[in-house]
Undergrad: 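My questions will all concern the structure given below.
Note on naming: letters A, B, ... go to the chains in the order of the sequence lines (proteins, then strands), and numbering restarts at 1 for each one.
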Number of protein chains: 2
Amino acid sequence: MNIDDAAARLEALGNPTRLKIYRTLVRAGEEGLPVGKLQQRLDVAASTLSHHIKALVTVGLITQTREGVTLHCRANYPLMRGLIDFMVEECCAEGTCAPGGPVKLPREAA
Amino acid sequence: MNIDDAAARLEALGNPTRLKIYRTLVRAGEEGLPVGKLQQRLDVAASTLSHHIKALVTVGLITQTREGVTLHCRANYPLMRGLIDFMVEECCAEGTCAPGGPVKLPREAA
DNA sequence: TCTATATTTCGATTATTCTAGAAATACCGT
DNA sequence: ACGGTATTTCTAGAATAATCGAAATATAGA
């Protein structure tokens with residue numbers, strides 16, 4: 001993943017509503033959720049939701065498949081993994097930030 | 001880390017210039033870089049750079065310490081680690097996205 | 001105190017993003 | 001073809017963000 005793609009994906013996740021959409025889909029598991037269910041859970045106008053979903057689809061973080069009259073949305077785990085790999089490899093000191101890894105603090109904590 | 005803090009930090013990293021600033025600081029290692037060096041490397045107006053650095057400092061991703069006339073900037077690794085942990089824990093399926101972990105693709109890759 | 005260097009703040013401009021109502025489209029069942 | 005549900009596109013307003021030059025501030029040294 002190049003730095004501009006990474007930035008675009010981070011930006012997509014960097015909006016509270018979109019991050020909640022993504023997290024809700026992850027929690028829904030493998031089969032995902034239709035747009036309508038997302039709307040119920042997140043309490044946002046349909047047009048606004050559609051707008052944010054489109055942003056996530058555009059950068060590849062979620063995928064959609066039409067199933068009859070509903071549109072199922074699913075988190076794209078491999079892409080998220082690629083993004084996390086980018087952050088670990090490009091934005092961390094030698095293994096210092098890898099989750100589950102050692103917690104050698106280079107400086108004081110946040 | 002709560003979801004709004006995570007979103008704010010992802011948004012901060014979701015701008016190409018800011019992501020480059022952060023990555024440049026990571027690559028500079030433990031001692032970081034003064035603002036002026038960052039400006040040389042990133043080729044951006046001083047006022048624009050200052051603006052972006054401030055955004056990163058505000059969300060805690062970088063720290064600054066004045067050393068005489070220069071201002072040293074350093075990546076805050078523990079905070080980045082916290083952000084990555086958030087993404088793995090809240091935005092990934094059961095261990096599927098942990099870097100270095102197994103690559104069980106839940107669906108087709110990106 | 002004066003000068004030089006480093007960096008930020010101010011101010012203004014332009015561009016982008018967020019929001020949501022209304023209208024349009026897509027699909028299915030009858 | 002019609003009617004109903006699901007979702008998107010259109011449109012527009014308000015809010016936020018990005019950019020950068022000019023002026024201001026901070027620090028050190030002579």
Undergrad: Backbone N or O of B/Glu31 within a donor-acceptor pair of the B/His72 side chain at under 3.5 Å?
TA: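 Such a contact is found between B/His72 side chain and B/Glu31 backbone.
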Undergrad: For B/Gln64 and C/dA6, give me the distance from atom CD to atom P, rounded to whole Å.
TA: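 Atom CD in B/Gln64 sits about 16 Å away from atom P in C/dA6.
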Undergrad: Return the CG to CZ distance between A/Leu49 and A/Arg18, rounded to the nearest 0.5 Å.
TA: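 So the CG of A/Leu49 and the CZ of A/Arg18 are separated by 11.5 Å.
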Undergrad: Are the side chain of B/Thr24 and the backbone N or O of B/Lys20 linked by a donor-acceptor pair below 3.5 Å?
TA: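 Confirmed, B/Thr24 side chain pairs with B/Lys20 backbone.
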Undergrad: Closest nucleotide of DNA chain D for B/Glu67 versus for A/Leu49: which of these residues is on the 5' side?
TA: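 Its nearest nucleotide lies further toward 5', so the answer is A/Leu49.
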Undergrad: Give the rounded distance in Å between these two atoms: CG of B/Leu33 and P of C/dA6.
TA: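 After rounding, the reported distance stands at 14 Å.
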Undergrad: Which nucleotide, C/dT8, C/dT17, D/dT7, lies nearest any side-chain atom of B/Ser50?
TA: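 Between C/dT8, C/dT17, D/dT7, the one nearest the side chain of B/Ser50 would be C/dT8.
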Undergrad: I need the NE2-P distance between B/His72 and D/dT27, as an integer number of Å.
TA: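 For the pair B/His72 NE2 and D/dT27 P, the rounded distance is 16 Å.
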Undergrad: Would you give the length of the straight line joining atom CD1 of B/Ile84 to atom CG of A/Leu83, rounded to the nearest 0.5 angstrom?
TA: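 The CG atom of A/Leu83 is 9.0 Å from CD1 of B/Ile84, to the nearest 0.5 Å.
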Undergrad: Using a cut-off of less than 4.0 Å, is there contact between a side-chain N or O of B/Thr48 and OP1 or OP2 of D/dC20?
TA: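 For B/Thr48, the contact criterion (side-chain N or O under 4.0 Å from OP1 or OP2 of D/dC20) is met.
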Undergrad: Please figure out whether A/His52 or A/Val69 has its closest DNA chain C nucleotide nearer the 5' end.
TA: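 The 5'-side residue here is A/His52.
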Undergrad: Mind calculating the distance between CG (A/Asn15) and P (D/dA15) to the nearest angstrom?
TA: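 That distance rounds to 17 Å.
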Undergrad: Using a heavy-atom cut-off of under 4.0 Å over every strand shown, decide if A/Thr70 touches base, sugar-phosphate, or nothing.
TA: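 Since only primed, P, OP1 and OP2 atoms lie under 4.0 Å of A/Thr70, the category is sugar-phosphate.
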Undergrad: Figure out the CG/P separation between A/Leu71 and D/dT5, and round it to whole Å.
TA: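 Spelled out: CG on A/Leu71 to P on D/dT5 is 18 Å.
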Undergrad: Figure out the CG/C1' separation between A/Leu42 and C/dC18, and round it to whole Å.
TA: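 The distance from CG of A/Leu42 to C1' of C/dC18 comes to 16 Å, rounded to the nearest Å.
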Undergrad: On DNA chain C, compare the nucleotides closest to A/Ser47 and A/Gly68; which residue's is nearer the 5' end?
TA: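 Of the two residues, A/Ser47 wins.
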Undergrad: Respond yes when some side-chain nitrogen or oxygen of B/Arg66 is under 4.0 Å from OP1 or OP2 of C/dT7, and no when none is.
TA: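 Answer is no, no contact under 4.0 Å.
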Undergrad: Counting any heavy atom closer than 4.0 Å, what does A/Ala46 reach on the DNA or RNA strands: base, sugar-phosphate only, or nothing?
TA: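 Base contact.
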Undergrad: Tell me whether the OP1 or OP2 atom of D/dA18 has a side-chain N or O from B/His51 closer than 4.0 Å.
TA: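 For B/His51, the contact criterion (side-chain N or O under 4.0 Å from OP1 or OP2 of D/dA18) is met.
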Undergrad: Salt bridge check, A/Arg74 against A/Glu30: does any charged N sit closer than 4.0 Å to a carboxylate O?
TA: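 No, this pair does not count.
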Undergrad: Please give, in whole Å, the distance from D/dA17 P to B/Leu13 CG?
TA: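 The distance from CG of B/Leu13 to P of D/dA17 comes to 15 Å, rounded to the nearest Å.
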Undergrad: In whole Å, I'd like the distance from the NZ atom of A/Lys54 to the P atom of C/dC18.
TA: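 The distance from NZ of A/Lys54 to P of C/dC18 comes to 13 Å, rounded to the nearest Å.
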